[in-house]
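Worksheet for the structure shown next.
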Amino acid sequence: RRTKEDHNPQVIYTPWESAPERRYKLMNWDYGRTPPANTVSGYYGAWSADGIHWTDAPKNPVLRDVTGDVGNFTWDARGGRYIGYPKQFTEVRGFRRRCVGFAETKDFESWPAPALVLAPDEYDDRWATQTGQHTDFYGLCGFPYESMYLGFLWIFRITGAGDDGPIFVELVSSRDGVHWTRQEEPRPPILPLGPDGAWDDGMIFTTNHPLVEGNTIKLYYG
């Protein structure tokens with residue numbers, strides 16, 4: 001750990017790198033409140049030969065001043081680019097909501113400011129019956145798959161005071177990784193919550209991309 005305020009690490013495996021010390025990449029958020037080296041909020045980058053011992057990028061953060069402390073990053077082999085989906089806050093129908101931004105780069109050490117790509121629609125709020133209840137998107141794991149892109153969208157139903165509520169996962173799809181199509185109504189979860197009392201009965205979060213092994217997809221979640 002760099003500081004007591006860094007979290008949300010994302011590891012990307014890039015074995016084709018000519019420099020062996022850069023075969024693994026790391027992105028993680030830091031609030032930027034730890035002088036002298038960590039005074040700017042954003043995503044800090046690093047690389048490694050073995051995925052264990054890391055060297056910081058010389059000009060951190062590589063993606064700075066974003067508003068969301070949750071984001072998922074991966075390598076897009078089809079586009080020859082790194083892609084990331086940082087959380088963004090946007091006013092939507094009377095609430096300052098967590099939404100999904102998008103950034104892409106071919107240079108891991110330099111990321112542009114993200115653009116908004118996904119925000120909750122009116123159907124996402126269909127369950128709300130009390131003042132203050134609404135839906136946010138806590139995050140998106142977007143990744144290339146076959147001839148398109150798939151995404152695991154974290155649906156956060158804020159049930160009332162305290163910014164609390166369940167989080168489950170819906171499937172979204174895209175042709176370019178930027179413009180996303182939601183499922184048809186009633187939008188059933190692709191990864192629902194567990195039964196009451198189970199370890200996963202409250203909130204579910206997926207990894208930055210699944211593992212694809214032949215015809216098998218393995219998705220790890222917490």
Side-chain angles (χ1 to χ4, degrees), residues 1-87 100-112 114 138-145 149-152 154 167 169 177 191 199-200 203-222:
R1 297 196 63 171
R2 296 184 181 90
T3 73
K4 293 182 178 180
E5 292 192 318
D6 69 349
H7 63 281
N8 188 219
Q10 306 285 308
V11 176
I12 306 171
Y13 183 44
T14 54
W16 55 86
E17 286 276 13
S18 58
E21 68 272 13
R22 291 179 176 241
R23 286 177 179 167
Y24 292 86
K25 306 295 195 310
L26 172 70
M27 294 279 279
N28 76 266
W29 170 267
D30 196 291
Y31 283 99
R33 299 183 292 218
T34 309
N38 296 73
T39 57
V40 179
S41 64
Y43 281 91
Y44 284 63
W47 43 77
S48 170
D50 57 8
I52 300 173
H53 305 92
W54 296 91
T55 300
D56 280 336
K59 295 181 180 180
N60 268 322
V62 295
L63 175 54
R64 60 173 54 211
D65 298 329
V66 292
T67 57
D69 57 356
V70 172
N72 292 288
F73 300 83
T74 191
W75 171 255
D76 175 12
R78 182 184 305 107
R81 59 181 181 169
Y82 297 93
I83 57 175
Y85 298 94
K87 181 172 66 180
V100 178
F102 171 79
E104 64 174 317
T105 184
K106 294 181 181 294
D107 179 4
F108 178 77
E109 298 181 54
S110 178
W111 289 73
Y138 208 84
L140 172 69
C141 302
F143 55 93
Y145 181 73
Y149 296 80
L150 296 178
F152 297 116
W154 303 345
I167 295 178
V169 181
L191 188 59
W199 71 274
D200 56 357
M203 294 183 174
I204 286 177
F205 302 98
T206 53
T207 55
N208 56 340
H209 65 85
L211 298 181
V212 180
E213 299 176 348
N215 294 325
T216 300
I217 302 172
K218 297 180 178 179
L219 176 65
Y220 293 85
Y221 73 97

Problem - side-chain contact (heavy atoms from CB on, under 4.5 Å) partner of Val100, the single match among Asn72, Leu140, Val70 - result: Leu140
Exercise for the section: State, with a plain yes or no, whether a side-chain heavy atom of Trp54 is found less than 4.5 Å away from one of Ser48. Expected result: yes
What donor-acceptor contacts under 3.5 angstrom involve side-chain atoms of residues 213-222, with partners at least two apart or in another chain?
from   : atom 1 : to     : atom 2 : distance (Å)
Glu213 : OE1    : Lys218 : NZ     : 3.0
Tyr221 : OH     : Asp200 : OD2    : 2.8

Practice task
Return yes if a side-chain donor-acceptor contact under 3.5 Å exists between Asp69 and Tyr31, otherwise no.
Solution key: yes
Practice task
Please tell me if the side chains of Phe73 and Lys25 come closer than 4.5 Å, counting only heavy atoms from C-beta onward.
Solution key: no
Exercise for the section: Without swapping roles, check the side chain of Thr14 against the backbone of Arg23 for a donor-acceptor pair under 3.5 Å. Expected result: yes
Problem - Side-chain donor/acceptor of Asn8 to backbone N/O of Gly71, under 3.5 Å - result: yes
Practice task
Report yes if the side chains of Asp6 and Tyr44 come closer than 4.5 Å at any heavy-atom pair, otherwise no.
Solution key: no
Exercise for the section: Say whether, by atom type as modelled, one donor and one acceptor occur between the side chain of Arg1 and the main chain of Lys4 under 3.5 angstrom. Expected result: yes
Practice task
State, with a plain yes or no, whether a side-chain heavy atom of Asp76 is found less than 4.5 Å away from one of Glu104.
Solution key: no
Completion exercise
Distance col, row Tyr24:OH vs Asp50:CG, nearest 0.5 angstrom, shows 7.5 Å
Handout entry: Nearest heavy atoms of Gly142 and Thr74, plus distance in Å
Key = O-CG2, 3.7 Å
Practice task
Kindly give the heavy-atom pair with the smallest separation between Pro86 and Tyr43, and that separation in Å.
Solution key: CB-CE1, 4.4 Å
Problem - Tyr85 and Phe102 aromatic ring geometry - parallel, tilted or perpendicular at 30°/60° bounds - result: tilted
Exercise for the section: Please tell me if the side chains of Glu5 and Asn38 come closer than 4.5 Å, counting only heavy atoms from C-beta onward. Expected result: no
Handout entry: Side chains of Thr105 and Asp107, donor plus acceptor under 3.5 Å
Key = no
Exercise for the section: Please round to the nearest 0.5 Å and tell me the distance separating atom CG of Leu26 and atom CD of Gln10. Expected result: 8.5 Å
Completion exercise
Tightest non-hydrogen contact, residues Gly79 and Lys106, listed as O-NZ, 3.2 Å
Exercise for the section: Give a yes-or-no answer on whether the side chains of Thr3 and Asp30 include a donor-acceptor pair shorter than 3.5 Å. Expected result: yes
Handout entry: Working for side chain to side chain contact (heavy atoms under 4.5 Å, CB included), residues Ile12 and Tyr82
Key = CA-CA 9 Å; Ile12 306 171; Tyr82 297 93; 4.2 Å; yes
Exercise for the section: Provide the closest heavy-atom pair for Gly45 versus Asn60 in the form atom of the first, atom of the second, distance. Expected result: N-OD1, 2.7 Å
Problem - Validation row: Trp75, Tyr13 side chains within 4.5 angstrom (heavy atoms) - result: no
Handout entry: Minimum-distance pair of heavy atoms, taken over all atoms of Asn208 and Val11
Key = ND2-O, 3.4 Å
Practice task
Answer yes or no: is there a side-chain heavy-atom contact under 4.5 Å between Glu109 and Trp47?
Solution key: yes
Problem - Any side-chain heavy-atom pair of Tyr149 and Arg78 under 4.5 Å - result: yes
Handout entry: Closest heavy-atom pair and its distance - Pro112, Leu63
Key = O-CD1, 3.3 Å
Practice task
Not counting sequence neighbours, which residues clear ring pair (Phe, Tyr, Trp, His ring centres under 6.0 Å) with Phe205? List them please.
Solution key: Tyr138, Trp154
Problem - Residue among Arg22, Arg81, Met27, Glu17 satisfying side-chain contact (heavy atoms from CB on, under 4.5 Å) with Phe108 - result: Met27
